[in-house]
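The structure appears below as structure tokens.
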Amino acid sequence: MIKLRGIRKSFGRQEVLQGIDLTVEKGEVVAILGPSGSGKTTLLRCINYLEKPSDGTIHISDFTLDCKHAGKKEVHALRQRSAMVFQQYNLFNHKTALENVIEGLIVVKKVSKDEARKRGIQLLEKVGLGAKLDAYPSQLSGGQQQRVGIARALALEPEVILFDEPTSALDPELVGEVLAVIRRIAKEGITMIIVTHEMAFAQDVANHVVFMDGGVIVEEGPPAELFSNPKEERTKQFLKRYTPEFSYSI
Amino acid sequence: MEYGFDFAYVFKYVPKLLSTLDLTLLIVAGAIATGLIIGLLVALPRLYHVPVLKQLSMVYVSFFRGTPVLIQLFLFYYGLPEILKLVYIDVTRVPVLYFVIFTLGLNAGAFISETIRAAVTAVNRGQVEAAYAVGMTGYQAFTRIILPQALAIAVPVFSNLVIAMLKETSLAFTLGVMEMTGKAQSLGALSQHFLETYISLAIIYLIISLLLERVLLLAERRLQRHMRREQEKRSWFGLRRVPPLNRLTRELNLEKKEVPSYEA
């Protein structure tokens, strides 16, 4: 279970997160929606401390970190409990697909090379890249790179996988293959937090949807409820923009 | 005394000069090795903004980049023993060769540190983030992810430095080291056929440079193999020259796009 309490973050004078509370149950898929600048990516990056929150506590399964007094060790321990899939993939450019997937296993989890390779090959098969084990990221399409990124996250067997707009950098034709992989692993009961602009996907895959704006959580709930019957005015307004089929009535 | 240009001397002197090639190469290797270690050590404080050390490394780099190598050699050879005398260390018996290697090493270190610094900065910020997200420590991220990529970016510049160093070794003769140029001086003085000696000397430097260039190109292609679009195609002695420029500029653009993408 993941619990965020009172997460605050400022860039200079601007407070982009104004005390976020969020609870994610084990096995739950949470989608975070919201306009650009709402703080959703920052929130996600706070969970693995790529951004340092100015205040609040982060709790992942058995580990609690108080952002006010977190040292290197605590941050390191926190990061071991999550994995991230980036908008720009961020695969290690000098490593092949397989090496990308097993790098964390070997260096961080200290798994033996043979064992790691076996796991890596299985995972790449799973994301449909069994034929690309030795390809470098520069030789892969965006969609393929992102699937390697997902395999890399899965390899670590984290408590939670954080997806930071995983399909935003992809052209429309490649979005599908990545979403398909994410949906497949969602069904396996892996806890995931997904920041996304893919409304239909969020509705389809998430068990819980969070709508953020201006550094606060405006509304949250099950997708069926939030999408069809939003309570807050701001949520209605936002969803209207993203579901144009409802707004075309003349 | 009548002087007649005799081309035969050019060929005659080549093997004689080659007999001192090992010394020249030793100076190059020693200076570059020293330079690599110093360069890395000096680049780190600037990359990680360590107070005091950062300023010191800036002064060091300015000095070695801003003064002629010849002057540096003189300063270290004549000045260092005097300074060390003050703390009762006697280096007057240390062979000149060590001074030369040490000074040229310090000189190379200044340039290498700048090269490393630029290369590390050029590695995409997302790479570090990915390393952290995987659970690596700062040290692991630097040695396993950043440094190998930075080296790949730095090799072309580094190759230039090595070849420049080959030629700078010729300054060692001013301190009396009998490397190739020193040897050429004395051969020329003996026979009075200076021009022929210098021609053979130039030919040797040129050939060694070309060879070094080839070897370094191979290293470059090996280190940058991940930057190529297509899978490895074997070619004769790695002579197929594909400038990695396209790939590099494309990566730099990517970086530009990525940095501001995290909405605040």
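Proteins get letters first, then strands, A, B, ... in listed order; numbering begins at 1 in each.
- Inter-residue side-chain proximity for B/Met136 and A/Arg79 is flagged as unmet; no heavy-atom pair is nearer than 4.5 Å.
- Contact of A/Leu162 with chain B is not made at all, since no heavy-atom distance falls under 4.5 Å.
- When each of B/Val128, B/Val134, B/Thr137 is checked for heavy-atom pairs under 4.5 Å with chain A, B/Val134 comes out on top.
- Taken from OH in B/Tyr132 to CG in A/Leu50, the straight-line distance is 9.5 Å, to the nearest 0.5 Å.
- Residues of residues 150-159 of chain A lying within less than 4.5 angstrom of chain B, judged on heavy atoms, are A/Arg152, A/Leu156 in numerical order.
- Within the 4.5 Å cutoff, the side chain of A/Glu103 has heavy atoms near those of the B/Ile145 side chain.
- Crowding of A/Lys26 atom NZ: a count of heavy atoms from other residues, nucleotides or ligands under 6.0 Å not exceeding 12.
- Not a single donor-acceptor pair under 3.5 Å links the side chain of A/His76 to the backbone N or O of B/Gly138.
- Shown here is B/Phe63, whose CZ atom has more than 12 heavy atoms of other residues, nucleotides or ligands within 6.0 Å.
- A/Phe163 is linked by a ring-ring contact (aromatic ring centres under 6.0 Å, His included) to nothing, counting only residues two or more places apart in sequence or in another chain.
- Side-chain atoms of A/Tyr136 and B/Arg225 include a donor-acceptor pair closer than 3.5 Å.
- In this structure B/Tyr60 satisfies the ring-ring contact (aromatic ring centres under 6.0 Å, His included) test together with B/Phe64, sequence neighbours excluded.
- Considering every non-hydrogen atom in both A/Phe92 and B/Ala131, the closest pair reads CE2-N, 3.7 Å.
- Judged as a side-chain hydrogen bond (donor to acceptor under 3.5 Å, both in side chains), and not counting sequence neighbours, A/Lys109 has no contacts.
- For chain B, the option among A/Thr96, A/Asn48, A/Val75, A/Leu91 with the highest count of heavy-atom pairs below 4.5 Å is A/Leu91.
- In this structure, A/Asn90 contributes its side chain and B/Gly126 its backbone to a donor-acceptor pair below 3.5 Å.
- Of all heavy-atom pairs between A/His94 and B/His226, the closest is CA-CG, 3.4 Å.
- Neither the backbone nor the side chain of B/Ala152 comes within contact range of chain A; no heavy atom of the residue lies under 4.5 Å from a heavy atom of that chain.
- Annotation: A/Lys95, atom NZ; neighbour count of heavy atoms from other residues, nucleotides and ligands within 6.0 Å is above 12.
- Around CZ of A/Arg234, the count of heavy atoms belonging to other residues, nucleotides or ligands within 6.0 Å exceeds 12.
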